Amino acid sequence: MIEVRLPDDSRRSVPRGTGVGEILRTWAPDRAKKFLAARFEGSPVDLEFRLLGPGALAPVTFEERLGKEILHHSAAHLVAKAVMEVIPEARPTVGPGTEEGFHYDFDVRPLTPDDFDAIRTAAHRIVAGREPFRREELSREAALDLFKSNPHKIRYIEEATPGEPISVYRTGDWADLCRGPHVPDTGWIAGIHLLGFSAVTQGGEAGGLTLQRIRGVAFPTREELASYLSLRKEAEARDHRALGQRLELFMFVEEGPGFPFWLPRGMVIVRELERFVMEHLRADGYSEVRTPLLFAQSVFETSGHWEHYRADMFLSAIENRVFGVKPMNCPGSMLIFRSRARSYRELPLRLAEFAPLHRLEASGTIHGMTRVRELVQDDAHLFVTEEQVEAEVRSLLAWIEQAFSTFRLAWSYELSTRPKEFLGEPAVWDRAEATLKRCLDGSGVPYRVSPGEGAFYGPKIDIHLKDSMGRSWQTGTIQLDYQMPLRFHLEYQGADGQLHAPIVIHRTILGSFERFVGILLEHTAGRLPPWLSPTQIRVLPVGERHAEAARALVQKLTALGLRAELSVSEETLGKRVRTAEMDRVPYIAVLGDRELADASVSLRAAGRKEAVSLPAAELGDRILDTVRRRAFEA
RNA sequence: GCCGCUAUAGCUCAGUAGGAAGAGCAGCUGAUUUGUAAUCAGCAGGUCGGGGGUUCGAUUCCCUCUAGCGGCUCCA
């Protein structure tokens with residue numbers, strides 16, 4: 001008999017060789033249906049795993065991260081089996097579980113939509129078949145023999161740590177190399193759904209072998225899958241590309257791939273955001289500059305862009321010289337700093353520039369407004385002494401917290417450290433990284449460290465936002481730069497009479513207006529807070545005899561600085577309310593006999609179904625107050 | 001840039017096993033003057049993404065280019 005400890009600290013003695021699933025089932029029979037694997041002494045094991053010694057045992061369910069991983073990974077195996085049934089000559093490579101679901105990459109001819117349908121059908125049949133996943137441990141030789149027709153698996157076996165057992169999971173006649181654990185049988189993956197297929201490059205390296213990837217999601221039950229799918233459908237409806245078109249905010253043409261047009265209504269949003277940022281810049285001692293869009297090659301050679309970024313720049317030959325369109329604002333600001341002698345008394349010198357930037361992003365990567373070839377950032381360059389770095393970064397972090405809260409966005413921080421290829425002294429890097437870390441720790445925000453992901457000239461803190469489909473996009477950034485000031489020979493005279501190189505902090509808060517608006521639209525489903533709405537209030541006269549009063553009200557609201565529109569009375573009131581809702585107008589005011597009789601308006605606010613009555617005289621101030629506070633609701 | 005898929009009216013989409021195209025919404029005109037998410041009728045609107053090929057004939061089949069979509073890679 002051996003003794004097992006369970007999560008509630010109870011102990012039981014079982015015969016050697018008892019399956020952990022059996023122990024857990026008797027321990028908690030009411031919850032046993034949810035146990036898809038187990039942890040023994042901290043290591044994940046199958047429910048079939050037989051105990052040979054004493055130790056701590058705990059169940060694993062889908063609610064925890066490990067459980068999701070196990071189910072996702074089991075689903076990937078199931079899909080591999082489905083693929084093998086449809087295309088027997090396919091050679092599976094790897095199929096990991098991911099945060100959201102799973103994918104499996106196959107070395108196989110390009111898949112067709114018909115293949116995909118057949119694979120989908122096969123997968124559901126395998127679920128219904130409740131085929132067990134059975135673990136086997138093989139010798140290296142036996143494993144090599146089993147996978148002799150698949151060079152990929154042979155490589156994985158050869159790369160495996162010598163001495164470590166090689167395990168294989170069998171599902172019917174299909175066997176796959178796998179560490180495990182898995183769910184007991186394919187019936188546990190009732191909520192499997194294949195999302196799509198695409199080609200990927202093996203190992204992520206350009207020029208590598210092209211594999212076919214099948215992506216999917218998996219849940220223990222069909223109900224959970226159904227609720228996931230309905231959330232996903234909602235998310236698709238929030239796609240900023242569709243909203244931007246429908247709400248007439250921005251557009252693209254075939255002749256300008258990645259070059260956004262801001263339409264009148266979209267431009268209102270951009271200007272309001274600019275104003276939002278500008279107010280802060282003025283309060284924080286920034287000054288604004290504008291520098292040329294083009295520079296001769298030599299400027300980019302000095303800045304380092306020629307060496308590191310040329311492939312992503314638009315170039316132009318002008319009178320036998322090569323000019324580049326600036327992909328960033330920094331060179332211009334460097335030239336301004338260098339234009340005359342500078343004193344330490346001027347520092348920190350904060351130069352903001354909101355200029356159009358052009359980046360020749362690879363054609364396959366451009367994506368609506370979130371990845372464009374022409375963008376404007378709320379950019380600034382801070383020229384500081386080393387002692388000033390920390391205070392500036394802390395102030396930026398505080399501003400970021402405040403700014404992003406205004407938009408009710410969920411954001412995350414990432415600290416990127418020294419990359420393999422870097423300029424400068426490691427000791428300076430260490431100090432800079434320590435400074436950024438201290439600032440993040442000091443502000444108490446959670447953050448992730450990405451080792452080696454810093455820029456070649458310095459470490460950075462990036463802000464990431466997720467779009468409605470869960471894709472992560474970098475927006476704001478704070479980058480410490482010790483190199484560009486040296487390359488441009490920037491100097492200031494210190495209190496000690498000596499010349500010193502300043503440190504430059506490249507920073508944006510919102511990132512690019514394009515990307516920021518795209519993500520904000522997805523988060524709000526187009527229901528922007530009133531201060532950002534292109535139309536803030538629409539006035540609807542019930543009938544023709546109320547049109548004059550409605551027109552007068554619109555004029556009054558406009559005079560107050562609100563963006564107000566009249567919705568003429570040719571259509572039914574119901575139709576005009578519907579149109580206003582679809583246009584995402586946050587305030588809809590109705591004027592009819594009742595309202596004219598007591599000088600009131602009937603107001604429908606921000607997606608609320610019910611209208612409220614309030615005195616016409618109060619309407620403007622009430623909305624203005626919400627707008628001024630940049631609040632979401634009245 | 002790589003792989004796959006897609007491209008029909010302003011938008012969303014149907015359609016033709018190759019015989020020259022249709023709906024809803026939007027637009028315009030008229031009637032209706034409306035009480036909180038779609039009033040009715042009529043009209044107009046398309047070189048079926050561009051170019052080339054096969055064919056008596058191509059929106060449909062083939063090639064190619066462009067753009068978009070989904071991934072990958074990239075992303076200061």
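Below, read A as the first sequence line, B as the second, and so on, with proteins coming before strands; counting in each chain starts at 1. Computed over heavy atoms, backbone and side chain alike; hydrogens, waters and symmetry mates excluded. For clarity, every value in this text was computed on a predicted model and none was experimentally measured.
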query = Salt bridge or not for A/Arg359 and A/Glu514, using N-O below 4.0 Å?
reply = no
Pairwise P distance, B/rC43 and B/rA58 [rounded to whole Å] = 31 Å
message = With a cut-off of less than 4.0 Å, is there a side-chain N or O of A/His367 near OP1 or OP2 of B/rG70?
response = yes
task = List the protein contact pattern of nucleotides 9-14 of chain B with one symbol per nucleotide (5' to 3'): B for base contact, S for sugar-phosphate-only contact, - for none; contact means a heavy-atom distance under 4.0 Å.
result = --SS--
request  = Provide, to the nearest angstrom, the distance between the CZ atom belonging to A/Phe197 and the P atom belonging to B/rC69.
outcome  = 18 Å
ask   = So, are A/Asp583 and A/Arg538 salt-bridged, with charged N and O less than 4.0 Å apart?
value = yes
task = Write down the distance between CD (A/Glu254) and P (B/rG68), rounded to a whole number of angstrom.
result = 8 Å
task = Using a cut-off of strictly less than 4.0 Å, decide whether A/Thr572 has a side-chain nitrogen or oxygen near OP1 or OP2 of B/rU39.
result = yes
key: Ring centre gap for A/Phe116 and A/Phe197 strictly below 6.0 Å   = yes
Between protein and nucleic acid, restricted to nucleotides 23-29 of chain B and to nitrogen or oxygen atoms under 3.5 Å apart, what atom pairs and distances do you find?
unit_1, atom_1, unit_2, atom_2, d
B/rA26, OP1, A/Lys575, NZ, 2.9

message = Once you measure the plane-to-plane angle for A/Phe259 and A/His358, does it fall in the parallel (<30°), tilted (30-60°) or perpendicular (>60°) bin?
response = tilted
ask   = Any chance the side chains of A/Ser512 and A/Gln377 put a donor and an acceptor closer than 3.5 Å?
value = no
message = Check the phosphate of B/rG70 against A/Arg471, side-chain N and O only, distance under 4.0 Å to OP1 or OP2. Yes or no?
response = yes
request  = Give a yes-or-no answer on whether the side chains of A/His240 and A/Glu522 include a donor-acceptor pair shorter than 3.5 Å.
outcome  = yes
query = Which value, in whole Å, describes the distance between the C1' atoms of nucleotides B/rG18 and B/rC48?
reply = 14 Å
query = With under 30° as parallel and over 60° as perpendicular, where do the rings of A/Tyr104 and A/Phe106 fit, or are they tilted in between?
reply = parallel
ask   = According to a strict under-4.0 Å criterion, is A/Arg359 in side-chain N/O contact with OP1 or OP2 of B/rC74?
value = no
query = Looking at A/Tyr457, A/Phe383, A/Tyr482, which hits ring pair (Phe, Tyr, Trp, His ring centres under 6.0 Å) with A/His506?
reply = A/Tyr457
task = Specify the separation, in whole Å, of atom CZ of A/Phe252 and atom C1' of B/rU66.
result = 17 Å
query = At under 4.0 Å, does any side-chain N or O of A/Arg604 touch on OP1 or OP2 of B/rG35?
reply = no
query = If you draw a 6.0 Å radius around CZ in A/Arg471, do more than 12 non-hydrogen atoms from other residues or ligands fall strictly inside?
reply = yes
task = State whether A/Arg241 places a side-chain N or O below 4.0 Å from either non-bridging phosphate oxygen (OP1 or OP2) of B/rC69.
result = yes
query = Does a distance-only test, which skips hydrogens and angles, find a donor-acceptor pair under 3.5 Å between the side chain of A/Arg371 and the base of B/rC74?
reply = yes
